[in-house]
Amino acid sequence: MNTEKGAESPPNPTPIVLEGIVRQKCMNAIYNRTRMVLAPHILYTRGGSLYVDAQVVSRDFVIPREEKFGTFKVDGLRNLALTERDFAISRLFLPESEKYDGTTLMAVEPQGASA
């Protein structure tokens, strides 16, 4: 897959999102004409469409001053590519949230539970 020089993402970005969640790797993407680095936490359905909730690592090469967590429609992610950058699960991620009930396809899991 060639994502350099403006090459488009494959027709189905879902496998890239799933791999990012499972391996806890960031993704490069263009969303609403904005270059972003996202840390995908959960893939779920809403209204028959796929959505990913992710931490915004950077937007147009700028790191947010405070931690940001957003919802992105998978069909809107362009030039999607997995990076080798690992991420830790965000404290803003609430897997028990009502909006995920019965709609979750894949979510991050802590690497080691510390009790």
Verify, without hydrogens or angle tests, whether [X] (side chain) and [Y] (backbone) share a donor-acceptor contact under 3.5 angstrom.
{"X": "Y100", "Y": "L94", "answer": "no"}
{"X": "R85", "Y": "L82", "answer": "no"}
{"X": "D86", "Y": "K25", "answer": "no"}
{"X": "T83", "Y": "C26", "answer": "yes"}
{"X": "N32", "Y": "T34", "answer": "no"}

Should [X] and [Y] count as side-chain neighbours, where that means a heavy-atom distance under 4.5 Å?
{"X": "F93", "Y": "D53", "value": "no"}
{"X": "Q24", "Y": "I89", "value": "yes"}
{"X": "V56", "Y": "L38", "value": "yes"}
{"X": "L80", "Y": "N28", "value": "no"}

Could you go step by step and tell me if L50 and L105 meet the side-chain contact (heavy atoms from CB on, under 4.5 Å) rule? CA-CA 9 Å; L50 287 174; L105 301 174; 3.3 Å; yes

Dump the intermediate steps for side-chain contact (heavy atoms from CB on, under 4.5 Å) on V17 and M27, then the final yes or no. CA-CA 8 Å; V17 175; M27 309 179 304; 4.0 Å; yes

Value rounded to 0.5 Å, distance of [atom1] in [X] from [atom2] in [Y]:
{"X": "H41", "Y": "M106", "atom1": "NE2", "atom2": "CE", "answer": "14.5 Å"}
{"X": "D75", "Y": "L77", "atom1": "CG", "atom2": "CG", "answer": "8.5 Å"}
{"X": "I21", "Y": "F87", "atom1": "CD1", "atom2": "CZ", "answer": "7.5 Å"}
{"X": "Y51", "Y": "T45", "atom1": "OH", "atom2": "OG1", "answer": "10.0 Å"}
{"X": "R46", "Y": "K73", "atom1": "CZ", "atom2": "NZ", "answer": "9.0 Å"}
{"X": "R59", "Y": "Y31", "atom1": "CZ", "atom2": "OH", "answer": "11.0 Å"}

Locate the shortest heavy-atom distance separating G20 from P40; write the atom from each residue and the value.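 That would be C-CG, 3.8 Å.
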
If hydrophobic clusters are built from ILVMFWY residues whose side chains come within less than 4.5 Å, do [X] and [Y] share one?
{"X": "V52", "Y": "F69", "result": "yes"}
{"X": "M36", "Y": "I42", "result": "yes"}
{"X": "V57", "Y": "V22", "result": "no"}

If you draw a 6.0 Å radius around CD in E96, do more than 12 non-hydrogen atoms from other residues or ligands fall strictly inside?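 Buried by this count: over 12 neighbours within 6.0 Å.
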
The test is side-chain contact (heavy atoms from CB on, under 4.5 Å); show your working for R23 and E84 and say whether it passes. CA-CA 10 Å; R23 294 180 58 209; E84 287 304 313; 3.9 Å; yes

